[in-house]
Amino acid sequence: MKTFYIETFGCQMNVHDSEKVSGTLLAQGYSQVETPDGADLVLYNTCSIRDKAEQKVFSRLQQFKRDAGKGKVFGVLGCVAQQEGEKIFDKAPHVSLVAGSASYTRLPEMLVQLEAGGSRVTGLSLDTDETFETPFTRRDNPHRAYITIIEGCDKSCAYCVVPFTRGPERSRTSGSIMEEARRLAEEGFTEIQLLGQNVNSYQDPSPAGWDFATLLRRVAAIRGLRRVRFTTSHPRDFVKDIVDAIEENPVLCNHVHLPVQSGSTRVLERMQRLYTRDEYMRRIEWLKKASRGISITTDIIVGFAGETQRDFEQTLSLLDAVEYDSLFSFKYSRRPNTPALSLDDHVSEEEKGNRLTIVQEKQRSIQIRRNSELIGSVQETMVEGFNKATGQWIGRTSQNRILNFTDSVHPSPNGTAFLGSYVGVRVTRAGPNSLVGERISGV
Ligand code: 5AD
Ligand code: SF4
């Protein structure tokens, strides 16, 4: 029997794509192995959002280069594959398969070509009528499932490769999304995460014509589902009706990831983000006014081309104004094909590093404060794992906070039975990145 190994880099879209690839290969009679050593087929599902992410895959490929030719086949999938295309064969000549995300349904066919003696096979078209349904998906988590609702991106943020690596926006029909969500609920999944580069611009292509908020309401009404999450939202397309839907329906998790990138309207304009700081803050007001306590998280880029000290200070003042529950922060990285390549006034790497540290230190104290406010509260927590070293269960709240807890009824794992259940946990302590608590009985 043939074996494959797959390593995934990048976002949840990529994680889910790898599940589709694994499902397809398993259906072809392959079995999955945990290390590249024992695999006939070694796949890297890659990310090219920042230079560092892209370099990682090339260093991985170098690491196992010596094994090529011993019957091992190397494939590069995902965003670096789409971006670099056949150039990958020059950089890493032992690679024989290069395929972007719109070609995964063709993988079996490409593998047959390789087996028939083809030395190099590519799948790089960004065909817009590619379907979302791969007949086979092997989901990594038995309780939480990802569903792609929209592919690609029609925005043109000046720093971003995604429009080039994932192509134009294509929404999936509501019928097909609902069918997959219902099937998952019947199979016992209780949490669904709707995925897209920009989920808010979802527009049902079928005659039903649902917008994103309608889709949220309908998915949340499926019997058996306890939690529905979605990511990522673009502030420009984030409408009040989404907040209303969350308020109405506790199945819709009270967490919104709303990447702002910068607190300076001048920088936002240079980034071609299509909103001002004030427009962004209006959306934050909607979220803050909601009665359910919606947690808000974001992405920040520091040191974008032309970002002055004054601009940077505006990002810091935005962090104070919003008080995010968590954030991801990045140093600006120049990417191929992107509009920002032609901008000047680049910020030095050293200064980017300084700004990143300042953002992270500020956010750390905000998170300690935000998390401390939850001490004494009871949180519905989904049990995700057990940490043997600390003797604590690892859980997650609707607000997407990690809550590690002890449980006198289930002090330690007995098989996998407790995983995926929902329990009430009283928060007793708070750190910057997680909470600690004790399970309360009867909930
Ligand atoms: N440099 C740095 N960060 C970037 N991101 C996207 N492109 C770049 C880039 N060229 C960040 C943004 C985005 C997140 C997924 O990655 O903050 O929201
Ligand atoms: Fe990385 Fe963007 Fe591709 Fe996701 S879509 S893997 S973040 S480049």
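Numbering of ligands and ligand atoms starts at 1, following listing order.
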Query raised in the report: Would you call Glu279 and Arg236 a salt bridge, using N to O less than 4.0 angstrom?
Result: no
Query raised in the report: Which heavy atom of the protein is the closest neighbour of atom 2 (C) of ligand 1, given with residue, atom name and distance?
Result: Lys331 O, 3.3 Å
Report summary line: From the list Val359, Val347, Val267, Asn354, side-chain contact (heavy atoms from CB on, under 4.5 Å) with Phe312 holds only for Val359
Report task. For Arg364, look at atom CZ and say whether over 12 heavy atoms of other residues, nucleotides or ligands are found less than 6.0 Å away. Result -> no
Requested in this report: Can you sort out which atoms of ligand 1 are near Arg335, meaning under 4.0 Å from one of its heavy atoms?
Outcome: 10 (N)
Query - Under 2.8 Å from atom 3 (Fe) of ligand 2 - protein N/O/S, by chain and number - result: Cys79 SG
Query raised in the report: So is Arg334 in contact with ligand 1, going by heavy-atom distances below 4.0 Å?
Result: no
Requested in this report: Report yes or no: do Thr297 and His255 form a side-chain donor-acceptor pair below 3.5 Å?
Outcome: yes
Query raised in the report: With atoms numbered from 1 as shown, which atoms in ligand 1 lie under 4.0 angstrom from a non-hydrogen atom of Ile49?
Result: 5 (N), 6 (C), 7 (N), 8 (C), 9 (C), 10 (N), 16 (O)
Query - Arg50 N/O to ligand 1 N/O under 3.5 Å - result: yes
Report task. Quick one: look up the protein heavy atom nearest atom 7 (N) of ligand 1 and list residue, atom name and how far away it is. Result -> Tyr159 CD1, 3.2 Å
Query raised in the report: Any idea how Phe74 and Tyr44 line up, ring-wise: parallel (<30°), tilted (30 to 60°), or perpendicular (>60°)?
Result: parallel
Query raised in the report: Are any of the side-chain nitrogens in Arg370 or Glu373 under 4.0 Å away from the carboxylate oxygens of its partner?
Result: yes
**Report entry** Aromatic plane relationship, Phe304 with Tyr332 - under 30° parallel, 30 to 60° tilted, over 60° perpendicular
**Finding:** perpendicular
Report task. Say whether Gln261, considering both its backbone and side-chain N or O atoms, lies within less than 3.5 Å of an N or O atom on ligand 1. Result -> yes
**Report entry** Val436 backbone acceptor or donor facing Asn404 side chain under 3.5 Å
**Finding:** no
Query raised in the report: Nearest protein heavy atom to atom 10 (N) of ligand 1, by residue and atom, and its distance?
Result: Ser333 O, 2.8 Å
Query raised in the report: In the protein, what heavy atom is nearest to atom 15 (C) of ligand 1, and what distance, to one decimal place, separates them?
Result: Asp299 OD2, 3.8 Å
Query - Sidechain N-carboxylate O distance under 4.0 Å for Glu351, Arg355 - result: yes
**Report entry** Sidechain N-carboxylate O distance under 4.0 Å for Glu187, Arg183
**Finding:** yes
Query raised in the report: Any Lys/Arg nitrogen of Glu349 or Arg334 sitting under 4.0 Å from an Asp/Glu carboxylate oxygen of the other?
Result: no
Report summary line: Atoms of ligand 2 under 4.0 Å from any heavy atom of Gln197, numbered from 1 in the order shown, are 5 (S)
